[in-house]
Number of protein chains: 2
Amino acid sequence: MDIIFREKLQEKGLKVTPQRVAIYEAIVKLNNHPTAENVIDYIKENHPNISVGTVYNVLDSLVENTLLKKVKTEKDIMRYDAILSNHHHLYCAETDRIEDYVDEKLNNLINEYFEANKIKNFKVQDIKLQITGKFNNNIKS
Amino acid sequence: MDIIFREKLQEKGLKVTPQRVAIYEAIVKLNNHPTAENVIDYIKENHPNISVGTVYNVLDSLVENTLLKKVKTEKDIMRYDAILSNHHHLYCAETDRIEDYVDEKLNNLINEYFEANKIKNFKVQDIKLQITGKFNNNIKS
DNA sequence: TACACAATGATAATCATTCTTATTTAGGAA
DNA sequence: TTCCTAAATAAGAATGATTATCATTGTGTA
């Protein structure tokens with residue numbers, strides 16, 4: 001696994017440093033989707049000479065080079081919405097624009113699906129779709 | 001609209017203050033899902049005597065009393081994931097635990113749905129499900 | 001082996017958010 | 001209407017995560 005990671009670094013033209021390897025290993029070991037902070041804590045335990053700034057830098061550069069992905073959570077939420085009905089979101093990463101997307105037919109489809117295909121060991125309470133893409137116009141509806 | 005908001009405040013036992021009304025109006029006016037910062041900027045323009053701390057307080061208390069909702073975005077992302085394949089997430093708000101959820105059948109269902117039901121003025125690039133609920137066990141699989 | 005430049009360490013700076021405390025105000029009671 | 005009390009607010013300090021700075025170190029190539 002290490003070897004593959006080292007190869008990937010080289011493919012991307014990134015130097016293979018012990019810090020990068022250690023940080024990647026930390027994420028794999030902390031396989032429950034660690035936060036940057038989780039990684040920093042782990043690194044402090046196991047590689048106390050790696051500095052905090054480096055962890056952030058490495059994480060960023062690995063994400064930039066698609067050796068790592070970022071994932072969002074329910075917490076640490078940033079936007080406020082005066083519309084209270086249940087709705088999904090259309091999101092354009094380029095322009096940072098968000099629009100609401102209400103679609104009862106889709107909700108039913110998904111609910112039926114999970115009714116028929118239960119997830120093992122998990123009770124579903126709510127499902128939100130984040131639909132990423134591009135808007136065709138620049139005018140707000 | 002204002003009147004309804006004032007009534008809602010009273011129902012919740014919250015005092016009707018000019019600050020709360022102004023901040024609510026700001027969110028309605030900035031209807032493209034403002035960030036706290038967006039609201040603060042707007043307030044600074046239109047109600048320069050309302051302090052930044054108050055904006056945060058009011059936003060929080062309105063969310064707590066379900067007069068406002070929070071919405072997440074792609075940016076401001078906090079978690080790192082070494083699994084690069086396309087997958088959704090099961091999320092438990094209580095324990096902050098995240099598990100990957102891979103389901104090709106579901107992906108196909110959703111893709112087919114959007115194939116048949118295009119969204120007006122929007123080109124879909126990626127769809128992510130955030131499935132919130134509760135895990136039945138505490139043991140990591 | 002030497003060199004150039006990318007990467008790192010240490011720490012300062014930043015920026016959004018939260019906290020603190022004194023002051024003000026909304027809204028019920030007299 | 002006026003008074004009173006708890007709730008709400010203003011101002012600014014404090015916090016905490018992230019980013020920037022810059023001198024030093026290390027990787028990988030010639």
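In what follows, every chain begins at residue 1, and chains take the letters A, B, ... in the order their sequences are listed.
- Between B:Gln10 atom CD and C:dA26 atom C1' the separation is 11 Å, expressed in whole Å.
- Within the structure, a side-chain polar atom (N or O) of B:Ser51 is placed less than 4.0 Å from OP1 or OP2 of D:dA10.
- Rounded to an integer number of Å, the gap from CG of B:Asn57 to P of D:dG12 is 17 Å.
- One atom, CG of B:Asn38, and another, C1' of C:dA16, lie 13 Å apart when rounded to the nearest Å.
- Each of D:dT9, D:dT19, C:dT8 was ranked by its minimum atom distance to the side chain of B:Arg20; first place goes to D:dT9.
- Atoms NZ (A:Lys12) and P (D:dG28) sit 17 Å apart, rounded to a whole Å.
- Between D:dT18, C:dC5, C:dT18, one nucleotide has an atom nearer to the side chain of A:Lys15 than all others, and that is C:dC5.
- With hydrogens and angles left out, the side-chain atoms of A:Lys105 and B:Asn117 include a donor and acceptor closer than 3.5 Å.
- Distance CD (A:Glu7) to P (D:dG28): 13 Å, rounded to an integer number of Å.
- Between the CD1 atom of B:Ile50 and the P atom of C:dT23 there is a distance of 21 Å, rounded to whole Å.
- Looking at A:Asn38 and A:Thr35, their side chains do bring a donor and an acceptor atom within 3.5 Å of each other.
- The side chain of A:Thr17 places no N or O atom within less than 4.0 Å of a non-bridging phosphate oxygen (OP1 or OP2) of C:dA6.
- The distance from atom CG of B:Leu68 to atom CZ of B:Phe5, rounded to the nearest 0.5 Å, is 8.0 Å.
- The distance between atom CG of A:Asp60 and atom C1' of D:dT18, rounded to the nearest whole Å, is 9 Å.
- Taking side-chain N and O atoms only, A:Gln19 has a distance below 4.0 Å to OP1 or OP2 of C:dG9.
- To the nearest 0.5 Å, the span separating CZ on B:Arg20 from CD on B:Glu25 amounts to 15.0 Å.
- Residue B:Leu14 is in sugar-phosphate contact alone, with no base atom involved, counting any heavy-atom pair closer than 4.0 Å across all strands shown.
- Using the six-membered ring where Trp is involved, B:Phe114 and A:Tyr101 have ring planes that are tilted, between 30° and 60° apart.
- Atom CG of A:Asn65 and atom C1' of C:dA7 are 14 Å apart (whole Å).
- Each of B:Ile40 and B:Pro18 was matched to the nucleotide of DNA chain C holding its nearest heavy atom; the match closer to the 5' end belongs to B:Ile40.
- In terms of phosphate contacts, B:Tyr56 brings a side-chain nitrogen or oxygen within less than 4.0 Å of OP1 or OP2 of C:dT17.
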